[in-house]
Protein chains: 2
Amino acid sequence: MNQDKAAILKGTLDMLILKIVALGPIHGYAISQRIQQISRDHFQLQQGSLYPALHRLENRDWLEAEWRDTDTGREAKFYKLTKKGRKHLETEMESWDRTAQAVALILRTAP
Amino acid sequence: MNQDKAAILKGTLDMLILKIVALGPIHGYAISQRIQQISRDHFQLQQGSLYPALHRLENRDWLEAEWRDTDTGREAKFYKLTKKGRKHLETEMESWDRTAQAVALILRTAP
DNA sequence: CTATACGCCTAGCAATCCTAGGTGTCAAGA
DNA sequence: TCTTGACACCTAGGATTGCTAGGCGTATAG
């Protein structure tokens, strides 16, 4: 079915969400749109992944939520980063960099 | 405990193993050593991940196994890529590239 | 008035990697 | 001699994670 839009790589979703929220307060539904948009339609974040992840991040005190109105006048749950969340995001990004480099080392090894 | 050696990113292990085996026939124990070595000690592949993965790859006809002697005169199960395996490896590598780029797009987005 | 987008939620599945245990051989050092 | 460590294989079960597939309610466009 989805040959086109790819699933999120396991273990990276938290980091991606935190990064999007770091750009400014935003509600859940919009997060999935932003991820799809910025990734140039590569990632397709499912709601069944999104909302549990948001609750997970809130429970770990990386995100704070607040009900507010959207531009279109509807209620939505806006998230913003906590200090802990910002710190954690940095750690995760550094970790990602090292991991991506390590993978690249292996994939680029010539026979 | 392991602040140093990182776990393998979920979903990438099959690709990494296939890539190592693509460098030439090799047995399981040596695969984990090679992965650790080439990744400059970043990845620490556990045996409880390694062997189930190898059986998985064999069942999918991406790897073939054969018992042979090592340099040290012991018996070991040497793996080599099948044609299907080589093809799958290429697909996975392309997929990884696109995914890594998509992640980079998101992580590099400035506020 | 009906479909679609918006916006939230949950239960349960499938996959994956790990921990923690096990087997047996062999070489080196106390 | 005996014990430790490296070599080389294996499995069961747990934890985590993202998805599928369902659900709710409102507003807007056709």
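Reminder, nothing fancy here: chain letters follow the sequence lines and each chain counts from 1.
- As judged by a 4.0 angstrom heavy-atom cut-off over every strand, B:Arg60 is placed among residues touching the sugar-phosphate backbone only.
- Counting heavy atoms from C-beta outward, B:Tyr79 and B:Glu58 have side chains that approach closer than 4.5 Å.
- Note: B:Leu54 CG to B:Trp62 CH2 = 13.0 Å, rounded to the nearest 0.5 Å.
- Considering only side-chain atoms of A:His27, the nucleotide from D:dC7, C:dC8, D:dG18 that sits closest is C:dC8.
- The nucleotide whose nearest atom lies closest to any side-chain atom of A:Lys10 is, among C:dA14, C:dA5, C:dC8, C:dA14.
- The distance between atom CD of B:Gln46 and atom C1' of D:dG14, rounded to the nearest whole Å, is 15 Å.
- We find that CD of A:Glu75 is positioned 12 Å from P of C:dC9, with the value rounded to whole Å.
- The side chain of A:Ala7 approaches D:dG18 more closely than any other nucleotide in the set C:dG7, D:dT11, D:dG18.
- Nearest nucleotide to the A:Tyr51 side chain, out of C:dA5, C:dC9, C:dC26: C:dC9.
- Residue B:Asp71 is the one, among B:Asp71 and A:Pro52, whose nearest nucleotide of DNA chain D lies closer to the 5' end (criterion: closest heavy atom).
- The side chain of A:Lys77 lies closest to C:dC9 when the candidates are C:dG7, C:dC9, D:dG18.
- For the pair A:Leu9/B:Val103, no side-chain contact is recorded, criterion being any heavy-atom separation below 4.5 Å from C-beta on.
- B:Gln47 contributes a side-chain N or O that forms a donor-acceptor pair with the base of D:dC9 under 3.5 Å.
- In this structure, A:Leu57 places its CG atom 14 Å from P of D:dT16, rounding to the nearest Å.
- Here C:dT19 presents its P atom at 9 Å from CD of B:Gln44, a figure rounded to the nearest Å.
- At a threshold of 4.0 angstrom between heavy atoms, the contacts of B:Gly28 are confined to the sugar-phosphate backbone, with no base atom among them.
- Backbone-only contact: B:Leu9 has heavy atoms under 4.0 Å from sugar-phosphate atoms and none from a base.
- Shown here for B:Asp61 and B:Lys84, the closest heavy-atom pair between the two residues is O-CB, 3.5 Å.
- In the set C:dC17, D:dG18, C:dC6, C:dC6 carries the atom at the smallest distance from any side-chain atom of A:Gln33.
- Atom C1' of nucleotide D:dC7 and atom CG of B:Leu50 are separated by 13 Å, given to the nearest angstrom.
- If you check every strand for non-hydrogen atoms under 4.0 Å, B:Gly48 touches a base.
- Across all strands, B:Ser32 comes closer than 4.0 Å to no nucleic acid atom at all (heavy-atom distances).
- B:Thr72 has no side-chain polar atom (N or O) that falls below the 4.0 Å cut-off from OP1 or OP2 of C:dT25.
- Contact check, A:Arg74 against C:dC8: no side-chain N or O comes under 4.0 Å of OP1 or OP2.
- Distances from the side chain of A:His55 to the nucleotides C:dC9, C:dT19, D:dC9 place C:dC9 closest.
- There is a side-chain donor-acceptor pair under 3.5 Å between A:His42 and B:Thr99.
- Note: CD1 (B:Ile17) to C1' (C:dT16) measures 12 Å, nearest angstrom.
- In terms of heavy atoms, B:Ala22 sits closest to B:Leu89 at CB-CD2, 3.9 Å.
- Residue-level contact check: A:Gly11 touches the backbone only, with heavy atoms under 4.0 Å from sugar-phosphate atoms and none from bases.
- In this entry the distance linking CG of A:Asn59 with P of C:dT10 reads 11 Å, nearest Å.
- Between A:Thr70 and the phosphate of C:dG7, there is a side-chain N or O to OP1/OP2 separation shorter than 4.0 Å.
- At whole-Å resolution of the value, CZ in B:Arg56 and C1' in C:dA14 are 12 Å apart.
- Residue A:Asp41 holds its CG atom at 7.5 Å from CD of A:Gln44, rounded to the nearest 0.5 Å.
- Closest to the A:Tyr29 side chain, of the nucleotides C:dT16, C:dA5, D:dA8, is C:dA5.
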